[in-house]
Amino acid sequence: MSDIVRTRIAPSPTGDPHVGTAYAALFNYAFARRHGGRFILRIEDTDRVRSNRPSEAMIFDALHWLGLSWDEGPDVGGPCGPYRQSERGELYREHVERLVAAGHAYPCFCTKDRLDGVRAGQQAAGAATLGYDGFCRSIPPVEAARRRRDESHVIRLAMPREGQCVVRDLLRGDITFEYAGIDDQVLLKSDGFPTYHLANVVDDHLMEITHVIRAEEWLSSLPKHAQLYHAFGWDPPVFCHLPLLRNADRSKISKRKNPVSLNYYRRAGFLPEALLNYLALMGWAMPDEREEFTLAEFAEALELERITLGGPIFDLEKLSWLNGKYLRGLPSEGLLERLRSGLLSDGYLLQVIPLVQERIEKLEDFVDYARFFFVGEVAYDAEALKKLVPKGRTPRDTAKTLKELLEEHLDALLDWQPAVLEGILRSFCERTGWSPNEAFMTLRVAVTGRPASPPLFDTMAVLGKEVCRQRIRRAQEIVKSMKTPETRPLT
RNA sequence: GCCCCCAUCGUCUAGCGGUUAGGACAUCGGCUUUUCAAGCCGAGAACAUGGGUUCGACUCCCAUUGGGGGUGCCA
């Protein structure tokens, strides 16, 4: 094991850059700095369906914005590259073969149908433990090797079947699991790509990671990871599972209940240093209880052992207060600079101006007309409220439609461009039976707060995904709380 | 269901066997201010419950309850 501390953040590029990624990155970054070590960025893009380059670019961008720089990574290189798992396929296949040869892993030919059947059977029988039943583990190696040549298969880790496994977490101490409750995890998928478990362990070892500081959701797969280190004959790193950031209802933080995209915080005008400072307050307190401190001060003071374990609720209100303190502490020129690099940048203004230009008569009209391009939430006046729900539609129906549009079509959209939006919205109309007239007006009001605006798709594109999301969700809530008018029978 | 983790004000937390249980956000008062913010001062607000251990438990142990996570060819 390396004698210099090496930590890493290993995000999956499968959507908008997540606040949880920033949280884990912050602690990994600070811990590495504290010990004069190195902080590595590794892209875990082994999910071929969900991973994509735009998401990866957004992760780089968001972390740069926050000021969390890495010493090694896909974009800066380093001695342990490549740092993108999709480029390390050969490495994983070699390693998995070592495991198969040593009997620590085996090919599994079970079909999805059989697996589903097994699961259903277990559930019906009220089995104590759910999971793979080890069916293919008893296939003689010679036969298995022969079948591998032309049958679709995965490679599974052969876990011990009885006894106990003791793993150590830096914050929680020794944790005991019964092997009987842990099934044989897939290591290599049938498409030849590794699963998280394999890729993660192989890479952490090869990249000489000394401290794995990651979210608590990984704690229950720690025995599988420990078994992998054992099977490879490697010394495991120190594991430190951070508490999970929570919604107000204490569930794991999610976009349904909180803004989780770092793009949101950036667009809303949170200062990166304030966001980082706030994140550092989650599960951590300075020895002197000071609440305002810089990244450098955090890095100087961080002791992992002091991390608190109750899952902290992410409180936008306190973040906003802290951000306000940072903002007020800026010299005027500093604030000007921040405005000029965001909402009042030439780049943004030049996007807004073409949409507004033909609709104003005096320069001063600009501010009023373009207002919704610069504020966070829009207010809905009585007239807007009336048009939020199309004639002949109920509030209930409208709320449901907005929710569906958001969660099933807009949330996953990365390429937030006018033409793409138009395509999505038009096909959404066809599918749901909403006329474009109805849907577009509802959306226009939701997103701009007004029944009259520049062209909808251009407007949405300029506003950006985060703002649109936020406003549509707000509109949905408002509509949902509206009473459905009594339908009076015609007399 | 099963496995694992967790448990101090509404929220973030300090505490590490002996404290009037401290700070911050939020809330509510007051001061300041032409107003609104900001700022300052103040108030209310917590050790989940039950057993142990101990001269003494918020602190240690056990149970209960509650919360969370996991249980995928997602990470």
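The basis for the numbers below is simple: all heavy atoms, side chains too, and nothing from hydrogens, waters or symmetry mates. Quantities reported herein were computed from a predicted structural model and do not represent experimental measurements. Chain A is the first sequence line, chain B the second, and so forth, proteins listed ahead of strands; every chain is numbered from 1.
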Upstream residue (5' side of RNA chain B) when Leu281(A) and Asp191(A) are each assigned their closest nucleotide: Leu281(A)

Between Asp113(A) (CG) and C73(B) (P), how many Å, whole number? 14 Å

Will you find, in the side chains of Arg172(A) and His241(A), an N or O donor that is under 3.5 Å from an N or O acceptor? no

Rounded distance in Å - CD1 (Ile253(A)) to C1' (G69(B)): 15 Å

According to the Watson-Crick and G-U wobble definitions, with both distances under 3.5 Å, which nucleotide is paired to A46(B)? none

For G15(B), does either OP1 or OP2 sit under 4.0 Å from a side-chain N or O belonging to Arg306(A)? yes

Ring centroids only, cut at 6.0 angstrom: are Phe31(A) and His35(A) within range, meaning strictly under it? yes

When rounded to whole Å, the CG to P distance for the pair Leu115(A) and C73(B) reads 6 Å

Per atom distances to the Trp321(A) side chain, the nearest of C5(B), A26(B), C73(B) is A26(B)

Does a nitrogen or oxygen in the side chain of Arg328(A) sit under 4.0 Å from OP1 or OP2 of G39(B)? yes

Which of these nucleotides, G23(B), A75(B), G69(B), is closest to any side-chain atom of Lys318(A)? G23(B)

Assigned partner base of U71(B), Watson-Crick or wobble definition, under 3.5 Å: G1(B)

For a quick check of understanding: with a heavy-atom distance under 4.0 Å over all strands, which category does Cys110(A) fall into, base, sugar-phosphate or nothing? base

Would you confirm whether the ring centroid of Phe232(A) sits within less than 6.0 angstrom of the ring centroid of His95(A)? yes

Got a sec? Which of residues 282-291 of chain A come in under 4.0 Å of RNA chain B, heavy atoms? Met282(A), Gly283(A), Ala285(A), Glu289(A), Glu291(A)

What's Phe177(A) touching, base or sugar-phosphate or nothing? Going by heavy atoms closer than 4.0 Å. sugar-phosphate

At 4.0 Å (heavy atoms only), tell me whether Val154(A) reaches a base, stays on the sugar-phosphate, or touches nothing. base

Using whole Å, report how far CD1 of Ile182(A) lies from P of G69(B). 20 Å

Per Asp315(A) side chain, nearest of listed nucleotides C73(B), A26(B), U11(B): U11(B)

Assess, by modelled atom type and distance only, whether the side chains of Glu292(A) and Asn277(A) contain a donor and an acceptor separated by less than 3.5 Å. no

Report which part of the nucleic acid Gly310(A) touches: base, sugar-phosphate, or nothing (heavy-atom distance under 4.0 Å, all strands). sugar-phosphate

Less than 4.0 Å between a side-chain N and a carboxylate O, is that true for Glu407(A) and Arg473(A)? no

Any strand, both distances under 3.5 Å, Watson-Crick or G-U wobble: G66(B) pairs with C6(B)

I want to check one thing: is the phosphate of G69(B), taken as OP1 and OP2, less than 4.0 Å away from some side-chain N or O of Ser251(A)? no

Would you say the ring centers of Tyr326(A) and Phe270(A) fall short of 6.0 Å from each other? no

Does OP1 or OP2 of G10(B) have a side-chain N or O of Arg250(A) closer than 4.0 Å? no

Rounded distance (nearest 0.5 Å) linking atom CD1 of Ile424(A) with atom CG of Leu413(A): 4.0 Å

Among residues 119-144 of chain A, which residues get a heavy atom nearer than 4.0 Å to RNA chain B? Arg119(A), Ala128(A), Thr129(A), Leu130(A)

If pairing means Watson-Crick or G-U wobble with both distances under 3.5 Å, then the partner of U35(B) is none

What is the distance, rounded to the nearest whole Å, between atom NE2 of His241(A) and atom C1' of C6(B)? 15 Å

Rounded to whole Å, how long is the line connecting atom CG of Asp184(A) with atom C1' of G72(B)? 15 Å

Hey, are Asp204(A) and Arg42(A) close enough for a salt bridge, meaning a charged N less than 4.0 Å from a carboxylate O? yes

Quick one: do the Asn52(A) and Ser55(A) side chains pair a donor with an acceptor below 3.5 Å? yes

With sugar-phosphate meaning primed atoms plus P, OP1 and OP2, does Thr176(A) contact a base, only sugar-phosphate, or nothing at under 4.0 Å between heavy atoms? sugar-phosphate

Taking OP1 and OP2 of G15(B), is either one under 4.0 Å from a side-chain nitrogen or oxygen of Thr308(A)? no

Paired to A24(B) by Watson-Crick or G-U wobble criteria (both distances under 3.5 Å) is U11(B)

Do Val260(A) and Leu245(A) have side chains that get closer than 4.5 Å, going by heavy atoms? no

Exercise answer: donor-acceptor pairs, residues 19-28 of chain A side-chain atoms, under 3.5 Å, sequence neighbours excluded:
unit_1: Tyr23(A); atom_1: OH; unit_2: Met282(A); atom_2: O; d: 2.7
unit_1: Asn28(A); atom_1: ND2; unit_2: Arg8(A); atom_2: O; d: 3.4
unit_1: Asn28(A); atom_1: ND2; unit_2: Ala24(A); atom_2: O; d: 2.8
unit_1: Asn28(A); atom_1: ND2; unit_2: Ile213(A); atom_2: O; d: 2.8

Heavy atoms from C-beta onward define the side chain here; which of C12(B), C4(B), G72(B) lies closest to that of Gln185(A)? G72(B)

Without decimals, in angstroms, what is the distance between Asn247(A) CG and C12(B) C1'? 16 Å

Hey, can you pull the donor-acceptor pairs under 3.5 Å for the side chains in residues 151-158 of chain A, sequence neighbours left out?
unit_1: Glu151(A); atom_1: OE1; unit_2: Arg147(A); atom_2: NE; d: 3.4
unit_1: Glu151(A); atom_1: OE1; unit_2: Arg147(A); atom_2: NH2; d: 2.9
unit_1: Glu151(A); atom_1: OE2; unit_2: Arg147(A); atom_2: NE; d: 2.8
unit_1: His153(A); atom_1: ND1; unit_2: Glu151(A); atom_2: O; d: 2.8
unit_1: His153(A); atom_1: NE2; unit_2: Arg148(A); atom_2: NE; d: 3.4
unit_1: Arg156(A); atom_1: NH1; unit_2: Asp184(A); atom_2: O; d: 2.8

Looking only at non-hydrogen atoms, find the nearest pair between Leu302(A) and Trp284(A) and report the distance. CA-CH2, 3.7 Å

Hey, are Tyr92(A) and Asp203(A) close enough side-chain-wise for a donor-acceptor pair under 3.5 Å? yes

Would you tabulate the nitrogen or oxygen pairs shorter than 3.5 Å linking the protein to nucleotides 58-64 of chain B?
none

Rounded to the nearest Å, what distance is computed from the CG atom of residue Leu198(A) to the C1' atom of nucleotide C74(B)? 15 Å

Residues of residues 214-227 of chain A with any non-hydrogen atom less than 4.0 angstrom from an atom of RNA chain B: list those, numerically ordered, please. Glu216(A), Glu217(A), Trp218(A), Leu219(A), Ser220(A)

When you measure from the side-chain N and O atoms of Lys252(A) to the phosphate of C6(B), is any distance below 4.0 Å, counting only OP1 and OP2? no

